[in-house]
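To keep things clear, I will list the structure first and then write my remarks on it.
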2 protein chains.
Amino acid sequence: MITSYTEENYLKAIYHLHHEKNASVSTNSISESLQTRAASVTDMLKKLADKGFINYAKYQGVTLTDSGKQKAIEIIRKHRLWEVFLVEKLNFKWDEVHDLAEELEHINSEILINKLDEFLDFPKNDPHGDPIPDKNGVLKSQEVLPIHKLQIGDAGIISGVKEHSKGFLQYLEKTGLTLGETIKIVDKIDFDGSVIINIHQKEQNISREVAKNLLIAI
Amino acid sequence: MITSYTEENYLKAIYHLHHEKNASVSTNSISESLQTRAASVTDMLKKLADKGFINYAKYQGVTLTDSGKQKAIEIIRKHRLWEVFLVEKLNFKWDEVHDLAEELEHINSEILINKLDEFLDFPKNDPHGDPIPDKNGVLKSQEVLPIHKLQIGDAGIISGVKEHSKGFLQYLEKTGLTLGETIKIVDKIDFDGSVIINIHQKEQNISREVAKNLLIAI
DNA sequence: TTATATTTTTAGACTTATCTAAAAATTCAT
DNA sequence: ATGAATTTTTAGATAAGTCTAAAAATATAA
Ligand SMILES: [Mn+2]
Ligand SMILES: [Mn+2]
Ligand SMILES: [Mn+2]
Ligand SMILES: [Mn+2]
């Protein structure tokens with residue numbers, strides 16, 4: 001079944017929203033995530049349901065069907081492979097690639113994406129640490145926890161981000177909190193939710209917002 | 001001025017048609033080249049004229065304005081650089097890349113295309129021998145002639161094709177008529193317009209159709 | 001539990017790009 | 001130069017994706 005650029009963005013948004021909240025996805029949350037009006041979302045949900053990509057009952061929110069999930073994962077695979085290409089081959093920074101990948105992900109060719117995968121030497125993760133689905137649509141979820149869920153004394157490697165905004169990524173870069181660095185939890189401040197970590201043999205304070213969005217593999 | 005995917009295809013088509021016939025471009029020729037109805041073309045011509053990309057007077061055909069020409073050249077630059085990428089880096093064949101480049105050319109980012117250019121080491125020609133405009137939109141037209149315009153005794157290097165169809169490119173590949181090969185005109189047959197050339201130390205007969213579409217640099 | 005607030009859907013409209021059918025303009029051929 | 005053929009434009013429709021405003025359903029809270 002063919003999908004338009006727009007339909008693909010809806011499917012991907014639904015996929016991500018489902019994995020964020022682990023519940024059926026509401027019209028409003030889609031509307032917010034895609035910056036469109038709720039009325040437009042309703043229209044599109046009807047269409048996606050007709051095409052068999054989502055389970056939709058009025059007022060009940062939506063879930064992806066198997067075919068919808070597959071389509072979403074295909075697009076995510078393309079998005080993340082293009083991001084790797086942009087960073088590894090064209091020397092873009094990790095905070096510069098999202099919008100471009102947002103467009104490139106809609107180029108429709110299985111051969112192209114598989115050749116790109118090979119050219120990049122079958123990377124396992126994108127520049128933000130997110131796992132790249134393989135050509136069969138298998139996406140292995142990595143065991144990571146946001147810093148604010150770790151206990152004092154826990155140690156691990158910075159392996160991903162929950163928030164992908166330019167501002168956040170640039171902040172991490174500036175403060176040395178980049179992928180691959182080893183950190184250890186020194187203290188957790190109840191008062192403001194901030195966390196003191198040890199990184200590069202030094203102590204560093206991390207705000208609650210950062211602690212919630214920085215993922216650690218233990 | 002922003003341009004849609006569709007507008008870009010029209011501008012590129014007008015540019016190519018103008019250079020093929022060296023005259024103002026007719027509604028019907030655009031319609032044929034883009035596989036749309038003439039009525040649709042007329043609608044689009046009005047819009048492109050409003051946006052300042054073409055000079056259009058009813059029933060008179062169109063020409064590109066400077067800004068239209070610039071836009072067209074930008075798209076051609078992107079198209080050809082992506083083709084080089086697909087062939088050189090992803091190991092596509094020269095007859096497989098056109099349709100993909102047709103989509104990739106609409107990805108809208110000057111930084112991306114300049115970084116791609118650099119990554120590819122600033123190629124001068126695409127896989128079909130066509131020249132690649134530089135980042136300032138300068139396109140140097142190469143001095144080439146189709147085989148059927150050469151005289152007996154003339155020699156040169158296969159440097160381009162006028163026809164870009166998969167079938168033609170595959171045929172050239174199969175018969176060894178690839179870019180970079182040296183050829184010499186041995187005889188021209190009036191009867192059917194075919195040409196006998198010397199290539200690889202052997203004589204080879206070339207039909208009129210091939211002779212018209214294979215470009216030689218002398 | 002009933003009123004209020006929030007969410008979601010419907011109704012109707014707009015834009016872009018397309019189409020068919022018919023009218024108008026231009027070109028061609030005698 | 002005039003009638004016929006061809007090309008181009010207009011008129012009116014359609015489909016995709018979006019919007020605003022209003023109605024309907026659901027959730028929340030006194
Ligand atoms: Mn996208
Ligand atoms: Mn990413
Ligand atoms: Mn195109
Ligand atoms: Mn080419």
Side-chain angles (χ1 to χ4, degrees), chain A residues 1-14 17-18 20-21 23-64 68 71-72 75 102-103 105-108, chain B residues 1-14 17-18 20-21 23-64 68 71-72 75 102-103 105-108:
Chain A
M1 174 120 296
I2 333 148
T3 43
S4 70
Y5 184 111
T6 314
E7 289 167 350
E8 292 181 1
N9 283 339
Y10 273 87
L11 291 174
K12 191 166 61 117
I14 294 168
L17 290 167
H18 180 69
E20 271 168 35
K21 328 222 173 169
S24 90
V25 178
S26 72
T27 300
N28 260 4
S29 66
I30 298 169
S31 139
E32 196 185 338
S33 127
L34 293 178
Q35 306 267 65
T36 52
R37 295 303 184 166
S40 313
V41 174
T42 300
D43 286 346
M44 182 56 88
L45 294 182
K46 285 181 196 160
K47 183 152 49 123
L48 291 174
D50 283 349
K51 288 194 170 189
F53 291 124
I54 61 172
N55 305 113
Y56 170 59
K58 274 187 194 176
Y59 296 99
Q60 300 316 130
V62 295
T63 55
L64 291 173
K71 257 284 180 295
I75 302 156
E102 204 59 45
E103 302 209 16
E105 71 189 2
H106 303 290
I107 302 288
N108 184 23
Chain B
M1 173 119 298
I2 334 148
T3 43
S4 71
Y5 184 111
T6 314
E7 289 168 351
E8 292 181 1
N9 282 339
Y10 274 86
L11 290 174
K12 191 166 61 118
I14 295 167
L17 289 167
H18 180 69
E20 271 168 35
K21 329 223 171 167
S24 89
V25 177
S26 72
T27 300
N28 259 3
S29 66
I30 298 169
S31 139
E32 197 184 340
S33 126
L34 293 177
Q35 306 267 64
T36 52
R37 296 301 184 167
S40 313
V41 174
T42 300
D43 286 345
M44 182 55 88
L45 294 182
K46 284 180 196 159
K47 183 155 45 128
L48 291 173
D50 284 348
K51 289 194 170 189
F53 291 124
I54 61 172
N55 306 115
Y56 170 59
K58 275 186 194 177
Y59 296 100
Q60 300 317 129
V62 295
T63 55
L64 292 173
K71 256 283 180 294
I75 302 157
E102 204 59 44
E103 302 209 16
E105 70 189 2
H106 303 291
I107 302 287
N108 185 23

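What you are looking at is a predicted structure, and each value in this text was computed from that prediction instead of being measured. Note: hydrogens, waters and symmetry copies are ignored here, and every other heavy atom, side chains too, is used. Naming: A, B, ... by sequence-line order, numbering from 1 per chain.
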Phosphate OP1/OP2 of D:dT18: any A:S40 side-chain N/O under 4.0 Å: no

- prompt: What is the nucleic acid contact for A:Y5, judged by heavy atoms within less than 4.0 Å: base, sugar-phosphate only, or nothing?
  reply: nothing

Interatomic spacing from CG in B:L17 to OG in B:S24 - rounded to 0.5 Å: 11.0 Å

field: Passing candidate, side-chain contact (heavy atoms from CB on, under 4.5 Å) with A:L64, options A:V25, A:N55, A:I14, A:L48
entry: A:I14

query: For the pair made of CE in B:M44 and P in D:dT9, what is the distance, rounded to whole Å?
result: 14 Å

B:A39 side-chain proximity, nearest of D:dA11, C:dT18, D:dC19: D:dA11

query: Given atom CG of A:L45 and atom P of C:dT7, what is their separation to the nearest angstrom?
result: 16 Å

message: Whole angstroms only, please: what is the OH-C1' distance between B:Y10 and C:dT18?
response: 8 Å

Interatomic distance where CG belongs to A:D43 and P belongs to C:dT9 [whole Å]: 10 Å

- request: State, with a plain yes or no, whether a side-chain heavy atom of A:N108 is found less than 4.5 Å away from one of A:Y5.
  value: no

- prompt: In whole Å, what is the span from the CG atom of B:N9 to the C1' atom of C:dT16?
  reply: 15 Å

message: Can you work out whether B:V41 or A:Q60 has the more 5'-proximal nearest nucleotide on DNA chain D?
response: B:V41

task: Measure the CG-CZ distance between B:D43 and B:R37 for me, rounded to the nearest 0.5 Å.
output: 14.0 Å

- request: Could you check which residues of residues 23-37 of chain A get a heavy atom under 4.0 Å from DNA chain D? Sort them by number, please.
  value: A:T36, A:R37

query: Using a cut-off of less than 4.0 Å, is there contact between a side-chain N or O of A:Y56 and OP1 or OP2 of C:dT8?
result: no

query: Which whole-number value in Å describes the distance from B:L17 CG to D:dT7 C1'?
result: 16 Å

statement: Sequence neighbours excluded, the answer for side-chain hydrogen bond (donor to acceptor under 3.5 Å, both in side chains) partners of A:H106 is A:E8, A:N9

query: A:K51 NZ to D:dA15 P: how many Å, rounded?
result: 14 Å

task: Identify, between A:K58 and B:Y59, the residue whose nearest nucleotide on DNA chain D lies closer to the 5' end.
output: B:Y59

- prompt: Do the charged groups of A:E7 and A:K71 touch, with an N to O distance under 4.0 Å?
  reply: no

- request: Ignoring hydrogens and angles, tell me if any N or O in the side chain of B:K51 forms a donor-acceptor pair with the backbone of B:I2 under 3.5 Å.
  value: yes

